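Worksheet for the structure shown next.
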Amino acid sequence: AEHTRDEVELPPPAVDNRLTVHTLWPEIDRISTEQIQAAFEGVGGQIGWQLFAEEGDMRMYRREVEVDGMVMDPLKAMHKVRGVSAREMCHYFFNPRYRYEWETTLENMNIVEAISSDAIVFHQTFKRIWPASQRDALFWSHVRSAPQHTYAVTNHSTTNERYPANSGACIRLIVTVCLACRSEWPPGQQPSRDNITTSIAYCSTVNPGGWAPAGVLRAVYKREYPKFLKRFTSYVLEQCRDKPLLL
Ligand code: 6CM
């Protein structure tokens, strides 16, 4: 009980072999690679990105995209956090044990398949937003390391025979999310809680999967995404306080 956070619980530095033999692996590998690369590409100078929330080091941008009247606005957020590592950030985002503690839009979470130490398939239901129907999502989640002290979690919708879409009260939404984190510390120094800075790039694209009023949806996103990122980062800071830094 002394060691509440073993190394083994953290995202592994290399891909788990149980994942590379799974049927989802080619898709997981391709989409994760694409998402991580795109996450660190700036929004400056790119047409269409509008800043909609700014607080301290956090900046949130969205692009207004509608397909057949349905809002599919891509969202991109940048943030900087001092005193935690990229690996720690991704550990708390990926690991289902902590999800109810920071995810406020969540109603229920189920593990559909625990593929490996770095990949899980989840089924989640979200809190209902009036006047739309309740939504659920089925997605794989994969955490990996990348060069330059980078760790990232990618979540992407998938299908499963045991969890058919639109069979109950819920409408299935389609999601692609990437939380990419990169740590830095002053050259020539040993990294510590006092000198480490982690840059966060969070990208999300949600297709609501069925009718939802555009105005309501955009208002919900405008309120909920900043709330999520602020809450999540302060949650990780709180969890890591007084624990040894893990790179
Ligand atoms: O990325 C976030 N959470 C992850 C872990 O749960 C995961 C979640 C993805 C689903 C994102 C869907 C958000 C939609 C929530 C509102 C409910 C939709 C109702 C539509 C009808 C009007 O990647 C944090 C997600 C933060 C969302 C604000």
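All values derive from a computational prediction rather than experimental measurement. Position 1 is the first residue of the sequence, and the numbers go up from there. As a basis for the values below, the full set of heavy atoms in this structure was taken, side chains included, without hydrogen atoms, waters or symmetry mates. Numbering of ligands and ligand atoms starts at 1, following listing order.
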Between Y202 and ligand 1, is there a nitrogen or oxygen pair with a distance under 3.5 Å? yes

Specify the protein heavy atom at minimum distance from atom 28 (C) of ligand 1: its residue, its atom name, and the distance to 0.1 Å. E224 CB, 3.5 Å

Between the side chains of R144 and T33, is a donor N or O closer than 3.5 angstrom to an acceptor N or O? yes

Before signing off on this row, confirm whether Q124 and ligand 1 have an N or O atom pair separated by under 3.5 Å. yes

Lys/Arg-Asp/Glu bridge criterion (N-O < 4.0 Å) met for R218, E66: yes

Any link between I171 and F126 through a network of hydrophobic side chains (Ile, Leu, Val, Met, Phe, Trp, Tyr) touching at under 4.5 Å? no

Any side-chain donor paired with an acceptor under 3.5 Å for N155 and S141? yes

Close-contact set for ligand 1 against V177 heavy atoms, below 4.0 Å: 1 (O), 23 (O)

F93 near ligand 1, heavy-atom distance under 4.0 Å? yes

Closest by any non-hydrogen atom to atom 23 (O) of ligand 1: pick that one out of T176, T125, I174, N155. N155

Checking E113 against H22: is there a side-chain donor and acceptor pair closer than 3.5 Å? yes

Among protein heavy atoms, which lies nearest atom 10 (C) of ligand 1, and at what distance? F126 CZ, 3.4 Å

Determine whether the side chain, the backbone, both or neither of Y221 has a heavy atom under 4.0 Å from any heavy atom of ligand 1. neither

Which protein heavy atom lies closest to atom 27 (C) of ligand 1, and at what distance to 0.1 Å? Y225 CE2, 3.7 Å

Can you sort out which atoms of ligand 1 are near R99, meaning under 4.0 Å from one of its heavy atoms? 5 (C), 6 (O)

In this structure, would I120 and Y100 fall into the same cluster of hydrophobic residues linked by side-chain contacts under 4.5 Å? yes

Sort out for me which residue in Y151, F232, Y98 forms a side-chain contact (heavy atoms from CB on, under 4.5 Å) with F93. F232

If you have a sec, work out which protein heavy atom is nearest atom 13 (C) of ligand 1 and how many Å separate them, to one decimal? V206 CG2, 4.5 Å

Short N/O distance, under 3.5 Å, between W102 and ligand 1? no

So is L217 close enough to ligand 1, meaning a heavy atom under 4.0 angstrom away? yes

Consider every N or O of E103 and every N or O of ligand 1, then say whether any pair is closer than 3.5 Å. yes

Is the NZ or CZ atom of R99 both under 6.0 Å from the centre of the six-membered ring of F122 and within 45° of that ring's axis? yes

To which protein heavy atom is atom 21 (C) of ligand 1 closest, and what is the distance rounded to 0.1 Å? A132 CB, 3.7 Å

Would you mind checking if R193 and E88 are paired as a salt bridge, meaning a charged N to carboxylate O distance below 4.0 Å? yes

Around atom 14 (C) of ligand 1, find the nearest protein heavy atom and jot down its residue, atom name and distance. L173 CD2, 4.3 Å

Without hydrogens or angle criteria, can the side chains of Q134 and E107 be said to hold a donor-acceptor pair below 3.5 Å? yes

Among all protein non-hydrogen atoms, which one is nearest to atom 9 (C) of ligand 1, and what is the separation to 0.1 Å? V175 CG2, 3.9 Å

For atom 16 (C) of ligand 1, what's the nearest protein heavy-atom neighbour? Residue, atom name and distance, please. I129 CD1, 3.7 Å

If the threshold is 4.0 Å, N to carboxylate O, is there a salt bridge linking R82 and D57? yes

